Each structure stands twice: as structure tokens, then as C-alpha cells.
2 protein chains.
Amino acid sequence: MLRYSEIKNILKSHKLSVTVVRVDVLEFFIRENRALSFKDLEDEFKDSDRVTLYRTLNSFTDNGVLHKIPDDSGFATYGLCHDTCSSEDHNHDHMHFKCNKCGTIECLNLHIPPVKVPGYQVTEANLILKGICNNCAAA
Amino acid sequence: MLRYSEIKNILKSHKLSVTVVRVDVLEFFIRENRALSFKDLEDEFKDSDRVTLYRTLNSFTDNGVLHKIPDDSGFATYGLCHDTCSSEDHNHDHMHFKCNKCGTIECLNLHIPPVKVPGYQVTEANLILKGICNNCAAA
DNA sequence: TATCAAATTGCAACAAAATTGCATTTATTA
DNA sequence: TAATAAATGCAATTTTGTTGCAATTTGATA
């Protein structure tokens with residue numbers, strides 16, 4: 001469990017003012033340790049306004065606390081960024097995994113090897129793997 | 001320019017009946033040679049009903065004419081499948097590229113190398129590259 | 001090619017997802 | 001602690017996508 005002071009520092013270091021909703025949402029992301037969708041937040045914070053949750057996700061994404069994970073389901077999910085991310089420099093070169101069984105989307109601690117395409121300038125790569133996650137495979 | 005008979009054959013080989021809208025939409029995908037969003041279709045086919053275009057995208061995707069390309073913008077785009085795709089077997093192991101300048105999303109003729117994750121069963125991989133496409137880089 | 005069943009289309013209504021404006025409340029700074 | 005700036009909650013609105021149904025079109029076949 002993360003201490004309030006630590007969460008507060010994360011927000012401050014990303015130039016975000018410390019509010020009740022932001023602390024709760026960030027703590028939720030850290031505790032769950034997986035990518036979360038808007039729906040996940042809505043379910044968890046039933047007493048918060050939907051608009052506030054939308055705005056929280058946006059400010060977190062803008063300021064480098066979260067990154068948006070591409071998904072073909074039409075529902076974006078969000079994952080925690082590295083400490084080093086800021087509004088100036090979002091830097092993500094890790095893979096994502098979506099489990100077809102439990103639906104969980106998570107950030108893997110694996111780098112995407114650099115890809116070269118002749119004639120193209122590649123500055124960013126997003127790799128989303130699908131299959132069965134380690135939890136479901138073990139069960 | 002693709003002949004009507006060829007487009008008709010593509011539809012038939014995917015078990016889709018040949019209708020005016022379907023022929024036009026498929027011809028548009030082939031002609032544009034890039035991934036298209038619902039909005040692209042809406043702009044192109046102003047006299048067709050929105051519902052019909054949605055249903056066309058869905059039937060094409062279900063029957064292996066198109067595949068959905070994950071995107072973090074929230075807007076799904078669709079790309080042409082290989083000849084071999086069917087409703088039974090969608091098989092895509094190529095990379096996608098999204099240009100930050102012109103916004104074009106395209107399918108690259110490059111395979112995604114297989115990825116292994118210890119403890120996980122990986123059955124599918126989606127790689128989306130971003131940067132500057134060859135057209136914009138040359139200009 | 002005429003007929004008929006099955007599928008597609010267009011329309012209207014509806015549902016869901018996301019955004020905007022604004023008054024109120026909360027946080028930050030000095 | 002007061003003043004300023006930012007975030008929140010609410011209502012209204014826009015955008016996106018879906019559903020039901022009647023009219024039309026397609027595909028099969030006689």
C-alpha cells in the first residue's frame with residue numbers, strides 16, 4: 001500500500017494539484033497494477049461525477065502520469081507511466097498484454113525492439129500482445 | 001483501378017452478397033490503399049445512411065474483408081485483409097504505421113517477429129508504429 | 001426471366017459515450 | 001488567512017453507435 005505522501009509527490013512532480021479525486025484515482029491505479037478503462041473508474045468511484053473522472057484521466061494523460069493504450073475494442077485503457085514521463089516527454093517502449101480470458105490489460109516489463117522501415121521515420125512503437133496471461137494460464 | 005467483376009469476386013469469396021454500397025465501400029478501400037475510419041466513409045458516401053456504413057464495416061470485419069486496427073485516438077480504423085482471411089480465420093501479423101504529419105494509417109508489408117513472454121501464451125500481436133511516413137518524409 | 005425467400009438498406013427512435021459552460025467548492029500561493 | 005487559480009458537480013449538449021421495422025434489393029430456382 002502506497003503512502004499518501006508518496007502519491008502526493010507523484011502528482012506534484014507532474015505539476016498536478018493534489019485533490020481528493022486525483023489521489024484516489026492514482027492510488028487505485030497503483031493498487032490494481034494493471035491498465036484501467038473509464039468504466040473501471042466509474043465502477044470504483046460511484047460517488048464521483050463521470051465528468052470529473054473523464055477530466056482526471058485526461059489531465060493524468062496530458063501530464064505524463066498515465067498513457068493511453070491502443071485497443072481495438074473501442075474502449076481506451078490507461079496505464080501508469082514511468083517516473084520519467086512528463087507532459088514534455090512521454091516515453092513508452094514497453095509491450096502491453098491483453099488477456100482474452102480475464103480481459104486484463106497490463107504493461108509488460110519488456111522493451112519493444114527498435115523497428116526500422118525504409119523511407120519512414122519511426123519515433124514510437126506500440127506493441128499489444130493477446131492471448132492468455134500468466135494468471136489464467138496457471139489456473 | 002479495379003474492375004467491378006474483381007470486387008464482386010472478393011465479396012462473394014467472403015460470403016457477402018453483392019450490393020451497391022458494399023461494392024462502393026470496398027472499391028474505396030482498395031483505391032485509397034490505406035486504413036480508413038468510419039469518418040472517412042461518412043465523408044466519402046454522404047448519401048448513404050450512417051447505419052448502413054456502420055453495418056458495412058461490421059460485416060466486412062466479421063467476414064474477413066477488413067481488420068480493425070487498434071488506435072489510441074479512440075477512433076478505430078479499418079484495413080484490408082489478405083486474400084486468405086475469412087470469417088473463420090483472421091490472420092494478421094503485419095505492422096501498421098500511423099503518420100503524425102498527414103494522419104494516414106497504413107498496413108506495412110512487414111511481419112511482426114514472434115514474441116515470447118515467460119508464463120504467457122501469446123496468440124496474437126499488434127504493432128503500431130508512429131512517426132513520419134515515406135510520403136511526408138520525402139516532401 | 002419471373003417469382004419468392006432472405007438479406008440489405010434507410011429511416012426513426014433510442015442508448016451510450018464524451019464534451020462544454022457555468023456556478024460552487026477546493027487547493028495553492030503569498 | 002486572504003486572494004487567486006484550479007478542480008468539481010450539475011445540467012445540457014454533442015457525438016458515436018445501436019435497434020426495430022418497413023421498403024427495397026439480392027440471390028436462388030423454377
Side-chain angles (χ1 to χ4, degrees), chain A residues 4-29 35-66 68-78 87 105, chain B residues 4-5 7-29 35-66 68-78 87:
Chain A
Y4 173 66
S5 62
E6 296 183 68
I7 291 178
K8 222 166 88 172
N9 282 338
I10 295 175
L11 289 174
K12 287 193 173 178
S13 70
H14 290 89
K15 300 182 180 172
L16 288 164
S17 53
V18 179
T19 69
V20 176
V21 174
R22 283 180 183 167
V23 170
D24 287 350
V25 169
L26 180 50
E27 192 274 332
F28 185 47
F29 267 94
L36 299 170
S37 65
F38 172 77
K39 209 161 196 21
D40 291 327
L41 291 194
E42 207 180 15
D43 290 345
E44 178 73 10
F45 302 104
K46 292 191 203 300
D47 37 338
S48 284
D49 195 87
R50 285 162 35 83
V51 178
T52 302
L53 296 177
Y54 275 117
R55 288 196 269 227
T56 302
L57 283 175
N58 286 337
S59 62
F60 278 13
T61 306
D62 290 344
N63 289 39
V65 177
L66 298 176
K68 226 171 175 176
I69 302 169
D71 191 55
D72 53 14
S73 79
F75 290 99
T77 57
Y78 298 80
S87 54
I105 299 175
Chain B
Y4 173 67
S5 62
I7 291 178
K8 222 166 87 171
N9 281 338
I10 295 175
L11 290 174
K12 287 194 175 177
S13 69
H14 290 90
K15 300 181 183 174
L16 288 164
S17 52
V18 179
T19 70
V20 177
V21 175
R22 284 181 181 165
V23 170
D24 286 350
V25 169
L26 181 51
E27 192 274 334
F28 185 47
F29 267 94
L36 299 171
S37 64
F38 172 77
K39 209 163 195 20
D40 292 326
L41 292 194
E42 207 179 14
D43 290 344
E44 178 74 10
F45 302 103
K46 291 191 204 299
D47 37 336
S48 283
D49 196 84
R50 285 160 26 84
V51 177
T52 303
L53 296 177
Y54 274 116
R55 289 196 268 227
T56 303
L57 283 175
N58 287 337
S59 62
F60 278 14
T61 306
D62 290 344
N63 290 39
V65 177
L66 297 175
K68 226 172 174 175
I69 302 168
D71 191 55
D72 52 13
S73 78
F75 292 100
T77 56
Y78 299 79
S87 55

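This one's a predicted model, so the numbers in the text were calculated from it and none came from an experiment. Letters A, B, ... are given to chains in the order of the sequence lines, protein chains preceding strands, and every chain is numbered from 1.
Using five terminal pairs a side, the axes of the helix from dT1(C)-dA30(D) to dA30(C)-dT1(D) at its two ends make an angle of 50°, given in steps of 10 degrees.
Side-chain atoms of D49(B) come within 3.5 Å of backbone atoms of V51(B) as a donor-acceptor pair (strictly under, hydrogens ignored). At least one donor-acceptor pair closer than 3.5 Å links the side chain of D71(B) to the backbone N or O of S73(B). Using modelled atom types, one side-chain atom of D40(B) and one backbone atom of S37(B) make a donor-acceptor pair closer than 3.5 Å.
Between T52(A) atom OG1 and L57(A) atom CG the span is 11.0 Å, to the nearest 0.5 Å. To the nearest 0.5 angstrom, S87(A) atom OG is 5.5 Å from N63(A) atom CG.
In this structure, NZ of K15(A) is placed 14 Å from P of dA7(D), rounded to the nearest angstrom. Here dC10(D) presents its C1' atom at 15 Å from CG of D47(A), a figure rounded to the nearest Å. Per the geometry, CD belonging to E42(B) stands 11 Å off P belonging to dT15(D), to the nearest Å. Here dG17(D) presents its C1' atom at 11 Å from NZ of K68(B), a figure rounded to the nearest Å. Nucleotide dT8(D) holds its P atom 12 Å from the CZ atom of F45(A), rounded to whole Å. The distance between atom NZ of K8(B) and atom C1' of dT26(D), rounded to the nearest whole Å, is 11 Å. Computed from coordinates, the L26(A) CG to dA7(D) P distance equals 15 Å when rounded to whole Å. One can place CG of L57(A) at 12 Å from P of dT8(D), the figure rounded to the nearest angstrom.
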Decide side-chain contact (heavy atoms from CB on, under 4.5 Å) for F29(B) and L41(B); before the verdict, give the C-alpha distance in whole Å, the side-chain angles of both, and the deciding distance to 0.1 Å. CA-CA 9 Å; F29(B) 267 94; L41(B) 292 194; 4.0 Å; yes
Could you give me the CA-CA distance, side-chain angles and deciding distance for F75(B) and F38(B), then say whether side-chain contact (heavy atoms from CB on, under 4.5 Å) is met? CA-CA 8 Å; F75(B) 292 100; F38(B) 172 77; over 6 Å; no
Whether each nucleotide of nucleotides 18-30 of chain C has a protein heavy atom under 4.0 Å at its base (B), only at its sugar-phosphate (S) or at neither (-) is summarised, 5' to 3', as BBBB-----SS--
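In terms of position on DNA chain D, the residue among K39(B) and T56(A) whose nearest nucleotide sits closer to the 5' end is T56(A).
In this structure, T61(A) and Y78(A) have side chains that are in contact, with non-hydrogen atoms separated by less than 4.5 Å.
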Got a list of side-chain donor-acceptor pairs under 3.5 Å for residues 9-19 of chain B, not counting sequence neighbours?
| residue | atom | partner | partner atom | Å |
| --- | --- | --- | --- | --- |
| N9(B) | ND2 | S5(B) | O | 3.4 |
| S13(B) | OG | N9(B) | O | 3.2 |
| S13(B) | OG | I10(B) | O | 2.9 |
| H14(B) | ND1 | I10(B) | O | 2.8 |
| H14(B) | NE2 | G64(B) | O | 3.4 |
| H14(B) | NE2 | C85(B) | O | 3.0 |
| S17(B) | OG | R22(B) | NH1 | 3.2 |
| T19(B) | OG1 | R22(B) | N | 3.3 |

